[in-house]
Engineer: 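Dropping the structure in here first, questions after.
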Amino acid sequence: MLLRMSNLFVRTLREVPADAELPGHRALLRAGYVRPAGSGVHSWLPLGYRVLRNVERIIREEMDAMGAQEVHFPALLPREPYERSGRWDDYGDNLFRLKDRRGNDHLLAPTHEEMFTLLVKDLYGSYRDLPLSIYQIQTKYRDEARPRAGLLRSREFLMKDSYSFDVDDAGLEASYQAHRAAYVRTFDRLRLDYVVVSAMSGAMGGSGSEEFLCPTPVGEDTYVRSPGGYAANAEAVVTPVPEPVPYDDVPEAHVEDTPDTPTIETLVAFANEHFPRPDRAWDAADTLKNVVVMVHHPDGTHEPLVIGVPGDRDVDPRRLAAQLEPSEVAPFTDEDFERDPGLTKGYLGPQVLGKGSATGIRYLVDPRIVEGTRWVTGANEHGHHVFDLVCGRDFTPDGTIEAAEVRDGDPAPDGSGPLELARGIEIGHIFQLGRKYAEALDLQVQDEHGELVTVTMGSYGIGVSRAVAAIAETTVDDLGLCWPRVVAPADVHLVVAGKSDDIVAGAERLTAELVDAGVRVLLDDRSKERPGVKFKDAELIGVPTIVVVGRGLAEGTIEVKDRRTGAREDVALADAVEHLRRLTMTG
RNA sequence: CGGGAUGUAGCGCAGCUUGGUUAGCGCGCCUCGUUCGGGACGAGGAGGCCGGCGGUUCGAAUCCGCCCAUCCCGACCA
């Protein structure tokens, strides 16, 4: 393989396009790998398209190796199957919808569960046909409310999605594990750093859903990890439950005047001024914060819900939403407060909350709020708070909920040490779907007794274009891109540093020999460019090995430089092909 | 969808406050010459509906209104 800079369709930019924020995305633009074509959509130039296809190829090889078979669906789909699964409505504004000339509804698929399910239903009807794993590499569309971060959150993107079909749970588990292992191999080969985090919370548990996150500060997902190896999406972190606390010596709860203290901050300041205690100052952790939300259920009904958390923590809306799925959470508005006179905004306390209480409103608390813990909290009267309110003595919550924010230093649920918050890019997601789509679309097979059983499914995704972006973001340096060899657009970037006939002829000869030896070469044979420009471009483009044929040639040597480490060595021309061939074999 | 910012040559920007001949600078691009191992220099060029529409005015890149687009923060993101 040989690419010549003299005719390669590329233009490197010395200056950075103003719209690009992330370092990797900037380098991709500057090096001429991609061009923005609109908000959240990109065109791929020859260099970028090579990288994309390399990533695609590795994913395809690993999927094939685990026994999955490649298929290809349309990106443009009719409404009907999505109507049947409920997603025409459920997907909301993120679904690209369009009408054809006859006025029929269509969509640009954001993912293809329905089509895979229907195709299997179309062809298969026996347990003997299963298990089956099929996949595609396909352009997906999501009308993101806010596309951002270049290739990381775009409206059109390339995705590998696969689906497994099994007759029973054990089969699904096996298919899931096979995919998981294939993903591990895939990301290892791509040289992508990753952590596997459980993506669903306690109740669903186990291996139901895991995300592969590429750790980087530019990532959008927050996860936690511990020194002992625990890792989880922040939404899935389970809070260790403390032991109950004895409270025999806690005085009776007593209401105090606390005017103008509607926030935790004002309350703590007031308590320290007017009710100082001898041993230590009051702080936010002594208070119980009660947050009201409105929960909208899928059946169209809605109810208020109060969440109690220690006052030094906020409710994490994403954790809360994950807990209440499939119901949706909305803020509790001033109008809602007017309709519910039992709730005193800013001075809400648990005495009037819970099933069987004055309001009857459901009251769930953070797991740290165990029996015997004592709190300063609202007295349900404007300008008043209650002190020494003991959980289990003075109030009883309806249950606990994992809704409080997770913080650096919180203990890991498995006792493996303090948690550290980190950010990552979601590059893969594996998911035991179960029978949701099979039921909605009536996918059944006959088992060995001739009984019809509903098939159980898994779905597994890898963001292909996102993986390219993740590699760029995690390998870019001050000089430019820095590709792992497996995905790089070439093995060797050969710079012709000089215009003499000897140098040009020597470079051409070496190039021809390298190509013959199976080395992929990007040859900078531009006669108009001075060496300095070529060196800068080579570093920007990020091919892993840079070879300079220039002034050393007179002594029979060329220069070989490692793009990542910057280490350079002179190699005798006679040994050059073998040296480079070996380099490219070892990666 | 809320908040903020920005639209002037392929890219990066100035000009706009205080309206007035031909709209400027750097990079890139074309031609010629000198240069030639770390983004050279000189000379000469090409390239613009100043985001769009409407208004004010003798006159609008500049002032006003509406719209559109892009980016950032947030909401959102199986």
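Predicted model, so just to flag it, every value in this text is computed and none were measured.
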Engineer: When you measure from the side-chain N and O atoms of A/Ser39 to the phosphate of B/C71, is any distance below 4.0 Å, counting only OP1 and OP2?
Structural biologist: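 Checking A/Ser39 against B/C71: at least one side-chain N or O falls below 4.0 Å of OP1 or OP2.
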Engineer: Under 4.0 Å, heavy atoms only, any strand: does A/Ala145 hit a base, just the sugar-phosphate, or nothing?
Structural biologist: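 Base contact - A/Ala145 has a heavy atom under 4.0 Å of at least one base atom.
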Engineer: Check step by step if side chain to side chain donor-acceptor pair (under 3.5 Å) holds for A/Glu62 and A/His179.
Structural biologist: CA-CA 9 Å; A/Glu62 291 301 333; A/His179 269 89; over 6 Å; no
Engineer: Counting only Watson-Crick pairs (N1-N3 plus N6-O4 or O6-N4) and G-U wobbles (N1-O2, O6-N3), all under 3.5 Å, who is the partner of B/C16?
Structural biologist: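 Check on B/C16: unpaired, no WC or wobble geometry under 3.5 Å.
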Engineer: Heavy atoms under 4.0 Å, any strand shown: does A/Gly32 hit a base, just sugar-phosphate, or nothing?
Structural biologist: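 No contact.
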Engineer: Determine which nucleotide pairs with B/G42, using a 3.5 Å limit on both distances of a Watson-Crick or G-U wobble pair.
Structural biologist: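 Pairing partner, where one exists within any strand: B/C32.
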Engineer: Which value, in whole Å, describes the distance between the P atoms of nucleotides B/U70 and B/G12?
Structural biologist: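 Those two atoms are separated by 15 Å.
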Engineer: For the base of B/G39, is there a side-chain donor-acceptor partner from A/Glu529 under 3.5 Å away?
Structural biologist: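 For A/Glu529, whose side chain was compared with the base of B/G39, there is no donor-acceptor pair (under 3.5 Å).
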Engineer: So if I take every side-chain heavy atom of A/Arg148 and compare against B/G37, B/G74, B/C77, which nucleotide ends up nearest?
Structural biologist: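 It is B/G74.
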Engineer: Is a donor-acceptor contact shorter than 3.5 angstrom present between the side chain of A/Glu15 and the base of B/G26?
Structural biologist: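 Such a pair exists between side chain and base.
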Engineer: Any side-chain N or O of A/Arg14 less than 4.0 Å from the OP1 or OP2 oxygen of B/G12?
Structural biologist: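 The answer is no; no side-chain N or O of A/Arg14 sits under 4.0 Å from OP1 or OP2.
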Engineer: Please determine, for B/G7, whether a Watson-Crick or G-U wobble partner exists with both distances under 3.5 Å, and give it or none.
Structural biologist: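 Across any shown strand, B/G7 pairs with B/C68.
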Engineer: Please classify the nucleic acid contact of A/Asp93 as base, sugar-phosphate, or nothing, using heavy-atom distances under 4.0 Å.
Structural biologist: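 No contact at all - A/Asp93 keeps every heavy atom at 4.0 Å or more from the nucleic acid.
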Engineer: Which part of the nucleic acid, if any, lies within contact of A/Glu21, taking any heavy atom under 4.0 Å across all strands shown: a base, the sugar-phosphate backbone alone, or nothing?
Structural biologist: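 Touches sugar-phosphate only.
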Engineer: Please answer whether the main-chain N or O of A/Leu481 pairs with a side-chain N or O of A/Arg563 as donor and acceptor at a distance below 3.5 Å.
Structural biologist: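 Flag set: sc A/Arg563 to bb A/Leu481 pair under 3.5 Å.
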Engineer: How do A/Gly461 and A/Asp19 order along RNA chain B: which one's closest nucleotide is nearer the 5' end?
Structural biologist: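 The residue closer to the strand's 5' end, by nearest nucleotide, is A/Asp19.
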Engineer: Using a heavy-atom cut-off of under 4.0 Å over every strand shown, decide if A/Ala321 touches base, sugar-phosphate, or nothing.
Structural biologist: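 It contacts nothing in the nucleic acid.
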Engineer: Give a yes/no on whether any side-chain N or O of A/Arg530 is located under 4.0 angstrom from OP1 or OP2 of B/A40.
Structural biologist: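 Indeed, a polar side-chain atom of A/Arg530 lies that close.
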Engineer: A/Arg318 near the nucleic acid: base, sugar-phosphate alone, or nothing, with a heavy-atom cut-off under 4.0 Å?
Structural biologist: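 Answer is base: heavy atoms of A/Arg318 come under 4.0 Å of a base.
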Engineer: According to the interplanar angle, ranging from 0 to 90°, do the rings of A/Phe116 and A/Phe73 count as parallel (below 30°), tilted (30 to 60°) or perpendicular (above 60°)?
Structural biologist: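 The rings of A/Phe116 and A/Phe73 sit tilted, inter-plane angle from 30° to 60°.
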Engineer: Do NZ/NE/NH1/NH2 and the carboxylate oxygens of A/Lys140 and A/Glu156 come within less than 4.0 Å?
Structural biologist: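 No.
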Engineer: With respect to the side chain of A/Ala18, which nucleotide from B/G12, B/C76, B/A78 is positioned closest?
Structural biologist: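 Of the candidates, B/G12 comes closest.
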Engineer: Within the pair A/Arg146 and B/C72, is there a side-chain N or O less than 4.0 Å away from OP1 or OP2?
Structural biologist: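 For B/C72, OP1 or OP2 has a side-chain N or O of A/Arg146 closer than 4.0 Å.
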Engineer: Using 30° and 60° as the class limits, which term best fits the ring planes of A/Phe187 and A/Tyr194: parallel, tilted or perpendicular?
Structural biologist: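 Tilted: the ring planes of A/Phe187 and A/Tyr194 meet at 30° to 60°.
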Engineer: Base, sugar-phosphate or nothing for A/Val495? Non-hydrogen atoms, less than 4.0 Å.
Structural biologist: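 Nothing, no nucleic acid heavy atom in range.
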Engineer: Look at atom CG of A/Asn7 and say whether more than 12 heavy atoms of other residues, nucleotides or ligands are closer to it than 6.0 Å.
Structural biologist: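 More than 12 heavy atoms, drawn from other residues, nucleotides or ligands, come within 6.0 Å of this atom.
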Engineer: Between C1' on B/G38 and CZ on A/Arg551, what's the gap in Å once rounded to a whole number?
Structural biologist: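 Taking atom C1' of B/G38 as the reference, CZ of A/Arg551 is at 10 Å.
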Engineer: Applying a 4.0 Å non-hydrogen cut-off, can you work out what A/Arg142 is touching in the nucleic acid: base, sugar-phosphate, or nothing?
Structural biologist: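 A/Arg142: base contact, heavy atoms under 4.0 Å.
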Engineer: For RNA chain B, whose closest nucleotide is more 5', that of A/Glu220 or that of A/Gly38?
Structural biologist: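 Final value for this comparison: A/Gly38.
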Engineer: Across all strands, who's sitting opposite B/C1 as a Watson-Crick or G-U wobble pair, both distances under 3.5 Å?
Structural biologist: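 Its partner is B/G74.
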